[in-house]
Amino acid sequence: MSSSQTPASAAGVLSFENARHLVEEHARKVSPATVDTVDLLLALGRILAEEIVADRDFPPFDRATRDGYAVRSEDVSQVPTRLAVIGELKAGRLPDPATYTIAAGQAVAIMTGAPLPPNADAVVMVEHTSLLRQEAANDARYNDAKYNNAEHVEVRRRVAAGDNFVPRGSEARAGQPLLQPGQRLDHSSIAIAASAGKSRVKVFRRPRVAVLSTGDEVVDISTTPGPSEIRNSNSYSLAAQVHTAGGEAVQLPIAPDESRRLRALIEEGLRCDLLLLTGGVSMGKYDLVEQALAELNAEFYFTGAEIQPGRPVVFGSCGADTLVRFASESSSDTRTRVSAPHLQPKKYFFGLPGNPVSTIVTFELFARPMIEALAGMKPQPLTFPRARLKSEIRTKTGLKRFLPAVLSGEFENAEVELARWQGSGDIAALARSNCYVVIPPDRERINAGEWVPILLR
Ligand code: AMP
Ligand code: MG
């Protein structure tokens, strides 16, 4: 073990916030793998690997945002007034300047989404106008050449220049960036890419994340468990969480509580981009994970966090970091990443406690940001929205708690209360809950009606 490495025994139990920050710090240093080019819809949930720029002005023309009449605002500074309607523009029609240029006293009927005609600087909403029959328009007061043979509209409301249309290029100018590399593509970024004509986009390859469940009592779900055996649910919750975080889960065979086989499987897992272990990180006689990792020269960053569930969570790495050297023989200063010939590249691992709720919660709190970073995303600070507590909570101090809870209520009235559960092994309780209430370590009692932070799931 090199002198820079921290053995498991020396790495400490950190506060939740310090542990999370440490993961984020490491996550900021990892670089994503190669790039795939995929059809736009297949990129949903993936991390963008290219900048997407506006291929033209957004909007590409002065775009009406209301149905009504395109006018010169000065013509409607006194209302009511009457204007001659010289034509109609629907969305998709390009106004030919020869026929659609508005002169004093004229208007063009316009629909939402249509380009404004030349000289118009506002749109009056149709609700504030009345289209006049020819007879009414022929009223002597309007007996003027410019009204002849035209429909007329009475405008009852003034508009100022700029009202009810979006000027060309005001959302984005051609060439301006719309989406940055490192953004996760959700439905709105898919829409933005679509509007810029990107039918295929570059995304980062999903990092391969090894999932290794440990424990003599843990059996594959395809077998019938013996009376003292437990089905391996953790490899499934983790594979699902890995997928939503942007990774590709590689499920390894279940490791027994036996050092050699455990070590061999850990080595196999370390060939992936990240290794997630579950179980075997507590203080029991057969909790061998830390020891097996230490035998593989692991460096430990923390071996516990002051949280419940999930206190024994472990974070560390194996192998050396890639070295950065300057390609001195080249005249350019491009940096070349090279692996030291005798060292494996650095691989991170998390040892997650085996209790199924602990596994799920510690994944969300610690493993997710690392997978997101390996998938090309910039680490995001974790925030907890708040909801009003429905019934009092009493608990012990000392740990930050993430307790299964039910978020209910409607619209602005989000309410939350603890779900009934038997502790961190109670996977069934997760079906009765849809979030976690976050309880700070110094609170013994939280009153009904207080706004409490929650971790959504
Ligand atoms: P451990 O962290 O190994 O002490 O395990 C804590 C508890 O979680 C024990 O009751 C285990 O049986 C259970 N457990 C461990 N691994 C799994 C798994 N992969 N799936 C479901 N339960 C597990
Ligand atoms: Mg175990």
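In each ligand, atom 1 is the first atom listed, and ligand 1 is the first ligand listed. Model, not experiment: these values are computed from the prediction.
Among all protein heavy atoms, the one lying closest to atom 6 (C) of ligand 1 is Asn355 N, 3.6 Å. Annotation: atom 19 (N) of ligand 1 to nearest protein heavy atom, Asn232 OD1, 2.9 Å. Ranking the protein heavy atoms by distance from atom 9 (C) of ligand 1 puts Glu217 OE2, 3.9 Å first. At the top of the distance list for atom 22 (N) of ligand 1, counting protein heavy atoms only, stands Ile230 CG2, 3.7 Å.
Within the 4.0 Å heavy-atom criterion, both parts of Asn234, backbone and side chain, lie near ligand 1.
Close approach to Gly279 involves these atoms of ligand 1, each under 4.0 Å from a residue heavy atom: 1 (P), 2 (O), 3 (O). For ligand 1, the atoms sitting less than 4.0 Å from at least one non-hydrogen atom of Ser213 are 19 (N), numbered in the order shown with element in parentheses. Near Arg231, meaning under 4.0 Å from any of its heavy atoms, are these atoms of ligand 1: 20 (N), 21 (C). Taking every non-hydrogen atom of Val218 and a distance limit under 4.0 Å, the qualifying atoms of ligand 1 come out as 16 (N), 17 (C), 18 (C), 19 (N).
For atom 3 (O) of ligand 1, the candidate residues are Gly354, Ser233, Gly280; the nearest heavy-atom contact is made by Gly280.
Proximity of Glu372 to Arg184: side-chain heavy atoms (C-beta onward) are separated by under 4.5 Å at one or more points. Contact annotation: the side chain of Asp55 never approaches that of Val53 to less than 4.5 Å [non-hydrogen atoms, C-beta and beyond].
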Please walk me through it: do Phe350 and Leu277 pass side chain to side chain contact (heavy atoms under 4.5 Å, CB included)?
CA-CA 6 Å; Phe350 290 91; Leu277 297 120; over 6 Å; no
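Tested against Phe349 for a ring-ring contact (aromatic ring centres under 6.0 Å, His included), the candidates Tyr301, Phe300, Phe315 yield a single pass: Phe300.
Here Lys202 does not pair with Glu51 in a salt bridge; the nearest charged N to carboxylate O distance is not below 4.0 Å.
Side-chain N or O atoms of Gln251 include one that pairs as donor or acceptor with a backbone N or O of Ser235 at under 3.5 Å.
Note: Phe302 and Phe366 meet the aromatic proximity criterion, with ring centroids under 6.0 Å apart.
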